[in-house]
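Data first, discussion second: the structure below is written as structure tokens.
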Amino acid sequence: MIRFTLRHGRRLALCAVLATLPLAASAQQAILEGERFHPQEGQHGMAATSHYLASKIARDVMQDGGNAVDAAVTAGFALAVTQPRSGNIGGGGFMLISDEKSDKVIAIDYREKAPAAAYETMFQNDQGEAVSELSRYTHNASGVPGTVAGLAMALEQYGTLSLAEALAPAIRLAEDGFEIPPRFANGLRDARERLSQWDASRAVFYKEDGSLYAAGETFRQPDLAATLKRIAAQGPREFYEGKTADLIAQEMEKHDGLMTAEDLAAYQPTIREPVHGTYRGYDVYAMSPPSSGGAHIVQMLNILEGYDIGGMGFNSARTIHVMSEAMKRAYADRAEYLGDTDFVDVPLEGITSKAYADELREQIDLGRATPSDTIAAGDPLPYESNETTHFSIADDNGLAVSNTYTLNFSYGSGIVVDGAGFLLNNEMDDFSAKPGTPNAYGLIGGEANKVEPNKRMLSSMTPTIVKKEGKNFLITGSPGGSRIITTTLQVVMNVIDHDMNVQSAVSVPRIHHQWLPDEIRIEEGISPDTIGLLEAMGHTVSQQAAMGAAQSVLIEDGHYYGGADPRRSTSSALGL
Ligand code: DON
């Protein structure tokens, strides 16, 4: 009863339990801890996003009779206005939609594509060395954006709103403006040098004299409003074939970018089969290639299923040890095998099979860290301020949406399309500029992820939906570059293995290992005793900044529980 109550964080039920049972002090303490992170509740649906305005808009859509997909698409466009560091129309992402009624989970792949003129060595100098400046901060850093086509496809498949209706709140926010939260002002302050290099970016994000907007002021984006209005009036192809496409093509031409009007006209999102696995009787669906997320979350869960994680305890040294060992092995496979399956064969069946996990588990020494292969390991560059954004939405018609989309770095390449008012992504940096050279997240890629024309660059984005006995149960995912897969893994484990309510599951400290560099990265809040035990097993442990922002929804017994990640000050979960 207590474990049940903790997961749901139902305050009334808790009070009843406390009033009627003579609880031991430790059990009372456990309940108090559950209360410290109590989730938001709803009877008919839940929206958890990284921005309170987007969460409110999504909830309002469902309150007015729209479904979870209507809410997700509307929130996706609203985030492009309210959170330009990651919300976008100039980037791309992945959306999982689970429809309980048809028992189907589909994945919409709206990842960016390399332009047709892209080539393998485009980010190398004459000596054949990778030049990160080229893949991150130039017009060639951008893949052909997928967001507008992807969100429109979701609406066509499952929505009840028209595209114009789904765009209306975003247009209003861009035109009339919104009050700037401190996080927005701080982000633009920190990115000023990078964004100010470009006239169009400076004009959108800074005042006429170049000074900063302050929290509390109103922020308006007239060019973006005009772009969104054109899309509302003419449909999604306007972005790819209309005036917006012309503006992008002109921007590219002016700065020797490879992307052309033909690349834009040729862009199409794709419906894919998500990766499916099971974990302790739950069905886990997550994003398939060109994301590595689904393959490796299922692989790690398969390895970890062989241990009594609940019994070993949350973030105990033994638990962190086996998690790290599973993570190392998954990320080593990622570097070797993962890429866009439209171009390369990825051994997905093998990576996600229980038998392969058994074999990998046998290699794990329970008392000793296995040193990672150090070949070609590079120092990951600082990437703490980068941001992608994830949102999770569910309704009481059995629809659930898990969406992660991004510009790659915060504010992408930093380049606004002149006259169109939106930022371009720098997703081309997710290709391996040169096999063996790490990208911005320290991730090594091989041949499978080399640059090729029209190819999608490998991603770590892991929108995930866990089902229990055929019903949508947990909807989660996260930003965080290389740490996305392990962050999402821990939310799933916290709920299933450690019986946490969804708010606790997203709030508690996380750990991460990505094979190279050979270290367990931890957030603050892991005890020094535990760190000491891990070091005695041969691990290097390094405490660094917070990881991810796993906006999540949990559904049980017809109740909707939302966990907004406290790692972002604007996060919000709202029920209805
Ligand atoms: O697709 C990927 O894996 C990366 N472009 C995601 C970047 C990211 O999550 C940045 N921030 N947190």
Side-chain angles (χ1 to χ4, degrees), residues 69 72-73 75-77 79-80 84 86-97 106-116 118 141-157 163 166-167 170 227-228 231 235-242 244-245 248-249 252 257-272 274 287-291 293 339-343 388-391 401-409 412-413 417 420 422-431 451-463 477 479:
V69 174
V73 173
F77 284 123
L79 283 164
S86 53
N88 68 80
I89 56 171
F94 304 111
M95 180 184 283
L96 249 62
I97 302 174
I106 66 154
I108 298 181
D109 169 2
Y110 60 98
R111 180 73 160 166
E112 301 90 328
K113 278 183 152 184
S142 303
V144 183
T147 297
V148 172
L151 296 183
M153 178 181 257
L155 208 57
E156 273 160 31
Q157 293 282 322
L163 185 63
L167 277 159
T227 298
L228 296 172
I231 299 169
R237 294 315 299 171
E238 194 286 328
F239 185 92
Y240 297 94
E241 293 167 51
T244 308
I248 299 172
M252 288 289 157
L258 291 181
M259 197 190 302
T260 62
E262 290 72 39
D263 289 322
L264 288 157
Y267 185 87
Q268 292 293 344
T270 309
I271 295 190
R272 299 194 189 269
M287 192 61 216
S288 40
S291 179
D340 180 353
T341 37
D342 289 348
F343 287 74
T388 292
T389 191
H390 176 83
F391 52 84
V401 177
S402 180
N403 186 89
T404 317
Y405 75 154
T406 188
L407 293 165
N408 193 23
F409 287 13
S413 65
V417 177
F422 63 87
L423 282 158
L424 288 167
N425 67 82
N426 62 346
E427 219 74 69
M428 293 291 280
D429 192 64
D430 276 349
F431 278 118
V451 185
E452 293 184 69
N454 304 315
K455 188 180 181 183
R456 288 179 156 105
M457 55 298 284
L458 183 59
S459 174
S460 299
M461 291 190 282
T462 316

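Atoms considered below: every heavy atom in the structure, side chains included; atoms not considered: hydrogens, waters and symmetry mates.
- Here the side chain of Asp263 pairs a donor or acceptor atom with the backbone of Ala116 at under 3.5 angstrom.
- For the pair Asn425 (side chain) and Leu407 (backbone), a donor-acceptor distance under 3.5 Å is absent.
- In this structure, Arg111 pairs ionically with Glu427, as a charged nitrogen and a carboxylate oxygen lie closer than 4.0 Å.
- The heavy-atom pair separating Phe343 from Glu452 by the smallest distance is CD2-OE1, 3.9 Å.
- Side-chain contact between Leu423 and Asn88: absent, with no pair of heavy atoms (C-beta onward) separated by less than 4.5 Å.
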Ile106 vs Leu96, side-chain contact (heavy atoms from CB on, under 4.5 Å): CA-CA, chis, key distance, verdict: CA-CA 6 Å; Ile106 66 154; Leu96 249 62; over 6 Å; no

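- Ring pair Phe391/Tyr405 is perpendicular by interplanar angle, where above 60° counts as perpendicular and below 30° as parallel.
- Interatomic distance, Asp430 CG to Arg456 CZ, rounded to the nearest 0.5 Å: 14.0 Å.
- The shortest side-chain heavy-atom distance between Ile271 and Met153 falls under the 4.5 Å cut-off.
- Across Pro453 and Ala118, no two heavy atoms sit closer than the pair CG-O, 3.5 Å.
- When side chains are defined from C-beta on, Met428 counts as touching Val451, because their heavy atoms get closer than 4.5 Å.
- Taking each heavy atom of Met95 and Val401 in turn, the nearest pair found is CG-CG1, 3.6 Å.
- When every heavy atom of Ser291 is checked against every heavy atom of Ser460, the shortest pair comes out as OG-C, 3.7 Å.
- Listed here is the closest heavy atom pair of Ala249 and Ala261: CB-N, 4.0 Å.
- The line from CD1 of Ile231 to CG of Leu167 is 6.5 Å long, rounded to the nearest 0.5 Å.
- Under the side-chain hydrogen bond (donor to acceptor under 3.5 Å, both in side chains) test applied with Thr406, the options Thr147, Thr389, Thr388 reduce to a single match, Thr388.
- Residues Leu458 and Pro290 are not in side-chain contact: their nearest non-hydrogen atoms beyond the backbone lie 4.5 Å or more apart.
- Of the possible donor and acceptor atoms, none in the side chain of Thr404 sits under 3.5 Å from a partner among the backbone N and O of Phe94.
- Side-chain contact of Tyr110 with Asn403: a donor-acceptor pair under 3.5 Å is present, judged by distance alone.
- Atoms CG and CE, from Leu258 and Met252 in turn, are 8.5 Å apart once rounded to the nearest 0.5 Å.
- In this structure the side chain of Ile97 never reaches within 4.5 angstrom of the side chain of Gln157, judged on heavy atoms.
- Interatomic distance, CG of Asp429 versus OG of Ser142, reported as 11.5 Å (0.5 Å rounding).
- Under 3.5 Å, the side chains of Asp109 and Thr270 contain no donor-acceptor pair of N or O atoms.
- Using a 4.5 Å cut-off on side-chain heavy atoms (C-beta onward), Phe77 and Leu163 make contact.
- Between Lys113 and Asp342 there is no salt bridge, since none of the side-chain N atoms of the basic residue sits less than 4.0 Å from a carboxylate O of the acidic one.
- For the pair Met457 and Glu112, the minimum side-chain heavy-atom distance is below 4.5 Å.
- Rounded to the nearest 0.5 angstrom, Ile89 CD1 and Thr244 OG1 are separated by 7.0 Å.
- Here the shortest heavy-atom pairing between Pro289 and Arg272 reads O-CD, 3.3 Å.
- In this structure, the side chain of Tyr240 engages the main chain of Pro145 through a donor-acceptor pair within 3.5 Å.
- Under the 4.5 Å side-chain criterion, counting only non-hydrogen atoms from C-beta, His390 is in contact with Ser402.
- For the atom pair OG (Ser413) and CG (Asn426), the distance works out to 6.0 Å, reported to the nearest 0.5 Å.
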